[in-house]
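Step one of this worksheet: look at the structure below.
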Amino acid sequence: MRFLRCILLALVCFAILCRLHPHCATHAATVPANPPVTWSRQIAPIVYQNCTTCHHPGGSGPFSLLTYPEAYRRGPQMAEVTQSRFMPPWLPAPGYGDFLGTRRLSDAQVALIRSWVESGMPEGDASAAPAAPHYDATWQLGKPDLILTIEHPYTLTASGSDVFRNFVLPYPLAATHYIHAMEILPSAPQVVHHANVLIDRTASFRRSHPTDWQLGVPGMELELDAGNTFDPDSHFLFWKPDTPVLEEPEGMPWRLDAGNDLILNMHLKPSGKPETISAQIGLYFTADPPAKHPMLLQLEDDRDLDIPAGDRNFVVQDELKLPVDVDVFGIYPHAHYLGKELDGWAILPNGRKQWLIRIPNWDIDRQSVYRYRTPVFLPRGTVLHMHYLYDNSADNIHNPNSPPIRVCAGNRSVDEMAHLWLQVLPVNVPKGSPDPRLQLEQAWMEHRVEKNPGDLIALYNLASARAGLGHYAEAAADYRKILAGHPGDARTLNSLGAALENAGDAPGAEEAFKQAIASGADTCDPQFNLAQLELKNSKFAQAEEQFRDLLRQCKGDAETHNGLAIALEGEGDSAPAQAEFERALELDSSNFTALYHLGEMAIESGQPERAVDLLEKAIAQHPDDVDARERLAMGYAQSGRQDDALTQLRAAVRIKPGDANLHALLSQVLAGTGQLEQAIEEQNQALHLQPDDADGWNNLGVLEARTGNKTAAREDFQHALQLAPGHAQARANLARLAQP
Ligand code: HEC
């Protein structure tokens, strides 16, 4: 034992030996004797850097280490827990992933604490000590832009097992906001072990707990309904009392829309006295929408979790091949009390092994999200691996069961889990390709279905990802598989209808929508889709009836009013159609469809100023819509703003250079401003794209004639007549050319 100590204290031993051995004396003359390690010079800086974020009054650590007397009292214990690496708490092994905020003392720092303790923990020159850091329970980034508060505080009993509680915090604003930072301030941080914030896009949790959601709902993990649009979870909104405020990387804020709920999932630990727990969530907005769209991916194999009592080496693994290049931003390993060794790595296509994380001594109480200092690039074809070892023996000090019992997967903390979450950002995405996250979703869900063909949520998500990628027939086949087991499932029938419609099977789609409506559950979506299908097939009267029914039975949103308007327009009732578009615009002032149609109506009724106003707003919504730009150009031209009209049309031609009509229209406006050479050029472009257009040849002839090029004009008129012998204007123009 003594020998061991001496090894550990090599520094100190050496110094002593030097002084004892005479032949060291010459060195001693040039090398100053090591001054003793003191609190003020060496230890306080280490403690303030690495310990006091938790060890301050009110912090998550069980005592304060802010002052010399406090540290003095704990000195030997500090030496012990830093030597054993129990403190500061940090699970990942060094060298297996370079994480932000790594909490690990260097060997030299550990040795310094040890020698300080060995030499009696001297304070040293108090005036040389750094100022103690200041901690308070206020917002770290200043006042948040929005603070959400738990409405009904929860009372945690003095003792008993851990409590998992979900608090619903409705997002109260009407406008969408982007959040670049979030902080949680619980009223009793000492009992809040950690918290997750989930975004419920469809308020599904609240709907599934209609009577008690205000009070908070127990449960460790929850399943939320993501709705009909692909909007995957993209951020780790994980929080622990001692972690700094969560700031998202540049260009990667997350989003809250009207009607969203935040769900604060808190893990509470009874502390010996009852505590009333409330919490505030502070949100910091940024004006810029996300430029990068990450996604959370999960490796897991909960189904394999069936750990016999006493088994100390139970392995669970999973792997997933990446279909796209990604940067990995963060990682979140998760197991419960029996987890022992949690490893994650990637095998690159060239065979190289890239470690993502290695946790040699798992401890659920110290779980955390880890963010890489620099994102880890993984090319497509890389295979992600999860390899977890569980210890269900009595030797596992975290084992909640004594004696050990068989443990399976489950939602309670005494059950087990095997999850490895990664936050990935697809990179090197070819321009014009569909959302690369759909490819990730497809690969992930395919893998889930492979592992467990009965996983209907995965099958549904897989089908939806396929539909999103344009593989409609495959998607329809998957939806049918679900329906084979759950005939009449309204949502699946509705999705099947949409896939069939996109696959070009209108009758099949109609039947699926009708079956979904007949199922009686959730009829609004399929009815809306059926009405849209009828519009597409020009069954305007039927569509009108459906839309009117929707307005009575379901919500009267802008798109329903638009649908009714288009049906009415199709039936020739333009005044009531206009009124419906106006109603849609009242409900949603930036609704493209309403702006576009009302703009078009304004042009037709000779109100170019109003048309310009509406269509400018429409283009602000969809800058790439050439039809809207074309109509806006007409509005400008009608109001005498020829230059603006030209600018619009040139922009439209840039977006869609292969559109003959745009070139022809541009030619007309150019001709109107006397720019004949350019007008001829554009008309030639149009005819190059659409050589059989007799009107086009006639127009080209007129332009040639105006520049005095009679030969060219004659050929153009003749060409028009060859294509359309009855073309009266071309014949008249040709005749006029012949006159002197
Ligand atoms: C992230 C928060 C955090 C940091 C940072 C931290 N501690 Fe702790 N410390 C705790 C908590 C919490 C406990 C209570 C035991 C537990 O839950 O792990 C604790 C317990 C201790 C104990 C008592 C150990 C025991 O066996 O009871 C000592 C001593 C200690 N810490 C010293 C330190 C020192 C020294 C540092 C810095 C080198 C440090 N801690 C950094 C949170 C922290």
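This structure is a prediction, so every number in the text was calculated from the model and none was measured. As the structure lists them, so they are numbered: ligands from 1, and atoms in each ligand from 1.
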Nearest protein heavy atom to [atom], by residue and atom, and its distance?
{"atom": "atom 5 (C) of ligand 1", "result": "N50 O, 3.2 Å"}
{"atom": "atom 26 (O) of ligand 1", "result": "Q77 NE2, 4.0 Å"}
{"atom": "atom 12 (C) of ligand 1", "result": "S60 O, 3.5 Å"}

With a 4.0 Å cut-off on heavy atoms, is [X] in contact with ligand 1?
{"X": "R74", "result": "no"}
{"X": "D365", "result": "no"}
{"X": "R366", "result": "yes"}

Any idea which atoms of ligand 1 are less than 4.0 Å away from a heavy-atom of F63? 21 (C), 22 (C), 23 (C), 28 (C), 29 (C), 30 (C)
Per-atom filter on ligand 1: closer than 4.0 angstrom to a heavy atom of R103 are 1 (C), 5 (C)
Go through N265 and N166 one step at a time and tell me if the side-chain hydrogen bond (donor to acceptor under 3.5 Å, both in side chains) criterion holds. CA-CA 4 Å; N265 169 258; N166 299 292; 2.6 Å; yes
Just say parallel, tilted or perpendicular for the rings of F99 and Y370, cut-offs at 30° and 60°. tilted
State yes or no: are the ring centers of H55 and F63 separated by less than 6.0 Å? yes
So, are R206 and D200 salt-bridged, with charged N and O less than 4.0 Å apart? no
Looking at atom 17 (O) of ligand 1, tell me if a protein heavy atom falls under 4.0 Å from it. no
Please identify which of these residues, L296, L356, L322, L320, meets the side-chain contact (heavy atoms from CB on, under 4.5 Å) condition with L422. L356
Evaluate whether atom CZ of R201 has more than 12 neighbouring non-hydrogen atoms of other residues, nucleotides or ligands under 6.0 angstrom away. yes
Cation-pi between K353 and W345: NZ/CZ under 6.0 Å from ring centre and within 45° of the ring axis? yes
Is it true that the NZ or CZ of R104 lies under 6.0 Å from the centre of W90's six-membered ring and within 45 degrees of the ring axis? no
For H194 and F238, what are the C-alpha separation, side-chain angles and deciding distance, and is it a ring pair (Phe, Tyr, Trp, His ring centres under 6.0 Å)? CA-CA 8 Å; H194 75 268; F238 178 92; 5.3 Å; yes
Which protein atoms of type N, O or S are found under 2.8 Å from atom 8 (Fe) of ligand 1? H55 NE2, M87 SD
Between the side chains of Y332 and H419, is a donor N or O closer than 3.5 angstrom to an acceptor N or O? no
